[in-house]
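Each remark here refers to the structure printed beneath this line.
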Amino acid sequence: MLKKAGDRAAWLLLRAAWALLRSAGPKASRRALEGIGGALMILDRRHRAVVEDNLAIAFPQMDRVVRDSVVTASFRNWGRIGAEAVDCDALIGAAREDPAWKSVAAAVAEGLAQGRGLLLLTAHIGNFELLARIFGSTVAPVAVFHRSLGIVEIDRFLIEERRRCGVATLGRGAAVRDALRILGAGGCVAVPLDQNQRQGRGIFVDVLGQQACTSTMLARLSMTSSAPVLPVFAIWNDGGTSPFIGELIGAPPRQPPGTRDLVLRSLTERYAAEIDRVVRRFPHQWNWAHRRWKTRPPGVEPAL
């Protein structure tokens, strides 16, 4: 009973905040939410410690001044993500005229021309939520995997906001089967590959110099469907969200029996390297608040 009341209160608060921010305009809402994010950096000691620990793992030689600026950006970024979600219609409209997004459309057309659908490798960098909505609205319909927030009304709202922007949501259960169906019909499926996996749910590959448990889902989808993989990330550039794309990664040819695990590892390492390249170039924009190295290889001490 108390949970339902709390969930309802959270939903009503979101609706009220959404309406208020829309009436305030994009500049004011961004200043307000980035300011709230900055305040949380001071108040939320637990997540600040996670950000600092992760930076020490990935960049042990990073200058303290630079590290502090990344910590601050990590919290303010969440406010910016929220502000851009409120103002996404205008941002999508601007993206339609952006040559960078036209380049994405050309790369996607090349991948889809193989007739196997297209997998998008992405990560929680820049405004990854806006990335899906711009892509779905201006390039091609896309499906994304979604982990429930635990509040039915908010989940429903988020899914509907995505749907009207050409973004389908794949939940638990039949998500992999649905992804294969979409690929088989020549569609696009996005897979973020920068989240920690529990022991036995992934394999350990190098991530920013440390072994990290990483999902093999993207590799398995590519191997099963023969769909190529296009790295696509969202980067804040000159006050707006721009795409950052890599080279198309073809699906592997059919392998002899007994080599499946080797191919899965090789592909996953390749994908992880693409994410590394982007994070090293834009460290202020990655989600450092996630415990990426929480799961450790058997017999290996925690990274920190």
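Start at 1 with the first residue, then count along the sequence.
- With contacts defined as side-chain heavy-atom distances shorter than 4.5 Å, the pair Ile92/Cys165 qualifies.
- Looking only at distances, no side-chain donor or acceptor of Ser215 sits under 3.5 Å from a matching main-chain atom of Gly202.
- Applying the ring pair (Phe, Tyr, Trp, His ring centres under 6.0 Å) test to pairs two or more places apart or on separate chains, none has a residue in residues 177-221.
- Here Arg31 does not pair with Glu34 in a salt bridge; the nearest charged N to carboxylate O distance is not below 4.0 Å.
- The side-chain heavy atoms of Cys188 and Leu112, taken from C-beta on, include a pair separated by under 4.5 Å.
- Checked by atom type and distance alone, the side chain of Arg48 pairs as donor or acceptor with a backbone atom of Met41 at under 3.5 Å.
- Between Gly117 and Pro228, the shortest heavy-atom distance links the atoms O-CD, 3.4 Å.
- Looking only at distances, no side-chain donor or acceptor of Asn196 sits under 3.5 Å from a matching main-chain atom of Trp293.
- Partners of Val50 according to the side chain to side chain contact (heavy atoms under 4.5 Å, CB included) rule, which considers only residues two or more places apart in sequence or in another chain, are Asn54, Arg291.
- Distance alone, capped at 3.5 Å, is enough to place a donor-acceptor pair between the Arg292 side chain and the Cys213 backbone.
- A pairwise comparison of heavy atoms in Tyr271 and Leu121 identifies O-CD2, 3.6 Å as the closest pair.
- The closest donor-acceptor contact from the side chain of Ser222 to the backbone of Leu218 lies at 3.5 Å or more, if one exists at all.
- Listed here is the closest heavy atom pair of Ala105 and Val139: CA-CG1, 3.8 Å.
- Under the 4.5 Å side-chain criterion, counting only non-hydrogen atoms from C-beta, Leu248 is in contact with Leu118.
- Remark: the backbone N or O of Trp236 is paired with a side-chain donor or acceptor of Gln285 at under 3.5 angstrom.
- With ring centers used as reference points, Phe244 lies under 6.0 Å from Phe282.
- Using a 3.5 Å distance cut-off with no hydrogens or angles, the side chains of His290 and Asn287 do not pair a donor with an acceptor.
- In plain terms, the two heavy atoms of Leu221 and Ala179 that are nearest each other are CD2-CB, 4.2 Å.
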Open item on the list: Could you walk me through whether Glu269 and Asp206 satisfy the side chain to side chain contact (heavy atoms under 4.5 Å, CB included) test, starting with their C-alpha distance in whole Å, then the side-chain angles of each, then the deciding distance to 0.1 Å, before giving a yes or no?
Closed with: CA-CA 7 Å; Glu269 288 174 341; Asp206 186 275; over 6 Å; no

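- A salt bridge does not link Glu160 to Arg156: none of the charged side-chain nitrogens sits closer than 4.0 Å to a carboxylate oxygen.
- Contact check on Arg64 versus Asp68 returns a salt bridge, with a Lys/Arg side-chain nitrogen under 4.0 Å from an Asp/Glu carboxylate oxygen.
- Inter-residue side-chain proximity for Leu208 and Trp286 is flagged as met; some heavy-atom pair is nearer than 4.5 Å.
- Using modelled atom types, no side-chain atom of Asp98 and backbone atom of Ser242 make a donor-acceptor pair closer than 3.5 Å.
- The closest side-chain heavy-atom distance from Cys88 to Arg164 is below 4.5 Å.
- The two residues Ala219 and Leu264 have their closest heavy-atom pair at CB-CD2, 3.6 Å.
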Task: Evaluation steps, side chain to side chain contact (heavy atoms under 4.5 Å, CB included), between Ile57 and Trp288 - done: CA-CA 11 Å; Ile57 291 169; Trp288 293 98; over 6 Å; no

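- At distances below 3.5 Å, at least one donor-acceptor pair connects side-chain atoms of Arg67 with backbone N or O atoms of Phe59.
- Transitive grouping of hydrophobic side chains (ILVMFWY, heavy atoms separated by less than 4.5 Å) brings Met223 and Phe145 into a common cluster.
- Side-chain atoms of Arg96 come within 3.5 Å of backbone atoms of Ser137 as a donor-acceptor pair (strictly under, hydrogens ignored).
- The two residues Val51 and Ser74 have their closest heavy-atom pair at CG1-OG, 3.9 Å.
- Put simply, the side chain of Gln199 gets close to the backbone of Arg296: a donor and an acceptor are under 3.5 Å apart.
- Ile36 has its side chain out of reach of Trp78: every pair of non-hydrogen atoms, C-beta onward, lies at least 4.5 Å apart.
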